[in-house]
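Start at 1 with the first residue, then count along the sequence.
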Amino acid sequence: MGFTCIYIATAWLLLLTHVLLLIMVPSEANKKVPAVIVFGDSSVDSGNNNQIETVLKSNFRPYGRDFEGGHPTGRFCNGRVPPDFIAEAFGVKSAIPAYLDPAYSIEDFATGVCFASAGTGYDNATAGVLNVMPMWKELENYKEYQAKLRAYVGLEKANEIIKEALYLMSLGTNDFLENYYILPTRRFHFTVSQYQDFLLGIADNFVKELYTLGARKISITGLVPMGCLPLERATNIFGDHACNEEYNNVALGFNKKLDRLISKLNRNLPLLKVVSANAYDIVNDIITRPSAYGYEVVEKACCSTGTFEMSYLCSDKNPLTCPDANKYVFWDAFHPTEKTNRIVSNYLIPKLLANFR
């Protein structure tokens, strides 16, 4: 009888251990990505522009009103942006801090850091439009971060974090909407197709530089239907304020070329894994079928009149700002709401987890 009880107890203990191991597998697997490191523009900037001399800022309400604590952070959103959701899905952290934010230190950055600058692009000339950080400066800040990380955790541990971290790149829209279609210089030198190739050449070199510095897991987000941003609808006077399909076609063409570049990088750099985080289809579906996602307004943004306002024009004092951003696809004339960011992130996360977990 005593041996039987011991046998049964042992069997239950083994079963319990097996169940616990199964429960623990996802969290242990997620630890294969110890940090999330972000480069790009306002789609992913978590507050770096707060610390530089530029008019393009969002460190005031109503920006951030739905962020934890209701505080503006410098994110161009009412709440969180995609890297925050992605980092959370990997079990890293729920919000990625901005590298230039003096409230954070290398202790915070060791598990995730954002180098992005709102208003930037692949093209250095794009960053010059609103005096924001060009990509080469984001890369210089990353190099500085590497030195701080090695001093903080030691060479071996730092190199492991650098190698296993997930690198997110999200930019390109500003190159067209703030630069190519607004200023004459690039249009004088490039056709649209040539300019796409020019930008992707810069992207190619940037990824190779990250690879040289130790990065092995990179996700690159292409362009969304930029012709459907509220600002582009508002200025499409002769098109009855519909989406600018010329801009959308440019985005589609860019994304196809980006996919080819990613395939080439994966072939030529065998230790590197690059994934295309193409959000065009999900954003287009949201815009085309907003009610299916619980939205009521897609043509205009939540902030102010919802047609052209962003940054300082998006004022907390404007009585026209909507009370419930969840009913809107866009937060300001250029950027999605937190709800849209969450939906897009949830669309991309399974692919990222499948490739990098």
Side-chain angles (χ1 to χ4, degrees), residues 40-46 58 61-67 72-73 75-86 118 170-174 176-178 221-237 239-252 255 277-311 313-316 318 320-349:
D41 57 22
S42 59
S43 61
V44 291
D45 184 2
S46 58
S58 59
R61 287 178 63 89
Y63 288 99
R65 72 180 192 188
D66 298 313
F67 196 82
T73 61
R75 290 167 173 80
F76 280 77
C77 185
N78 59 304
R80 291 196 287 170
V81 291
D84 299 322
F85 295 113
I86 292 169
S170 177
L171 66 162
T173 300
N174 297 322
F176 292 98
L177 299 187
E178 288 185 14
T221 302
L223 303 184
V224 298
M226 56 189 184
C228 293
L229 299 177
L231 179 62
E232 304 312 319
R233 286 181 184 262
T235 55
N236 190 16
I237 300 171
D240 198 27
H241 300 292
C243 294
N244 186 324
E245 293 304 332
E246 177 188 349
Y247 290 178
N248 287 348
N249 288 332
V250 169
L252 286 169
N255 290 345
N278 192 336
Y280 187 99
D281 289 343
I282 182 62
V283 175
N284 189 60
D285 195 50
I286 291 170
I287 291 169
T288 305
R289 304 186 307 122
S291 61
Y293 296 87
Y295 294 107
E296 295 179 8
V297 184
V298 64
E299 297 88 357
K300 295 182 179 181
C302 170
C303 188
S304 299
T305 67
T307 54
F308 65 89
E309 296 92 348
M310 62 178 172
S311 192
L313 295 177
C314 184
S315 170
D316 197 31
N318 194 311
L320 296 177
T321 296
C322 77
D324 185 2
N326 287 333
K327 296 179 181 178
Y328 287 71
V329 175
F330 294 98
W331 166 247
D332 66 17
F334 215 77
H335 305 98
T337 57
E338 180 185 60
K339 176 180 174 179
T340 305
N341 282 334
R342 183 188 295 274
I343 292 171
V344 172
S345 299
N346 287 342
Y347 173 82
L348 297 175
I349 283 168

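Looking at residues two or more places apart in sequence or on another chain, you find no salt bridge (charged side-chain N to carboxylate O under 4.0 Å, His left out) involving D324. Among residues two or more places apart in sequence or in another chain, the disulfide bond (SG atoms under 2.5 Å apart) test is passed with C77 by none. Residues passing the side-chain hydrogen bond (donor to acceptor under 3.5 Å, both in side chains) test with Y295, sequence neighbours excluded: T340.
Between the SG atom of C228 and the CD1 atom of I286 there is a distance of 12.0 Å, given to the nearest 0.5 Å. Between atom CD1 of residue I349 and atom CZ of residue R342 there is a gap of 9.5 Å, rounded to the nearest 0.5 Å. In this structure, CD in E309 is found 8.0 Å from OG1 in T321, a value given to the nearest 0.5 Å. Going from atom CG of L252 over to atom CD of E245 covers 9.0 Å, rounded to the nearest 0.5 Å. Interatomic distance, I287 CD1 to E299 CD, rounded to the nearest 0.5 Å: 10.0 Å.
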Evaluate the side-chain contact (heavy atoms from CB on, under 4.5 Å) criterion for residues L223 and F176: first the C-alpha distance (whole Å), next the side-chain angles of each, then the deciding distance (0.1 Å), finally the verdict. CA-CA 10 Å; L223 303 184; F176 292 98; 3.8 Å; yes
Applying side-chain contact (heavy atoms from CB on, under 4.5 Å) to E232 and N236, what does each step give before you reach the verdict? CA-CA 6 Å; E232 304 312 319; N236 190 16; over 6 Å; no
Might you work through the side-chain contact (heavy atoms from CB on, under 4.5 Å) test for L229 and L177, ending with a clear yes or no? CA-CA 10 Å; L229 299 177; L177 299 187; 3.8 Å; yes
Walk me through it: do F330 and M310 pass the test side-chain contact (heavy atoms from CB on, under 4.5 Å)? CA-CA 11 Å; F330 294 98; M310 62 178 172; over 6 Å; no
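Using modelled atom types, one side-chain atom of K339 and one backbone atom of N326 make a donor-acceptor pair closer than 3.5 Å. Judged purely by atom type and a 3.5 angstrom limit, N248 uses its side chain to pair as donor or acceptor with the backbone of G227. Under the 3.5 Å distance criterion, the side-chain polar atoms of T337 are matched with a main-chain donor or acceptor of Y328. Of the possible polar contacts, none joining the N318 side chain to the S304 backbone as a donor-acceptor pair under 3.5 Å is found.
A side chain to side chain donor-acceptor pair (under 3.5 Å) with Y63 is found for exactly one of D332, N78, D316, namely D332.
The heavy-atom pair separating A333 from T307 by the smallest distance is CB-O, 3.6 Å. Considering all non-hydrogen atoms of both residues, V224 and A251 come closest at O-CB, 3.5 Å. The shortest heavy-atom contact between H241 and R233 is ND1-O, 2.9 Å. A pairwise comparison of heavy atoms in V44 and V81 identifies O-CG2, 4.2 Å as the closest pair. Annotation for K300 and T305: closest pair CD-O, 3.8 Å, computed over non-hydrogen atoms. Across all their heavy atoms, A279 and V344 have their closest contact at CB-CG1, 3.8 Å.
Within the 4.5 Å cutoff, side-chain heavy atoms of D281 are placed close to those of Y347. By the 4.5 Å heavy-atom criterion applied to side chains, P72 and F67 are not counted as neighbours. Between S43 and P82, the closest side-chain pair of non-hydrogen atoms is not below 4.5 Å.
SG distance check for C302 and C322: under 2.5 Å.
Ring geometry for H335 against F76 counts as tilted: the plane angle lies between 30° and 60°, on a 0 to 90° scale.
A donor-acceptor pair shorter than 3.5 Å can be found between the side chains of Y293 and D285.
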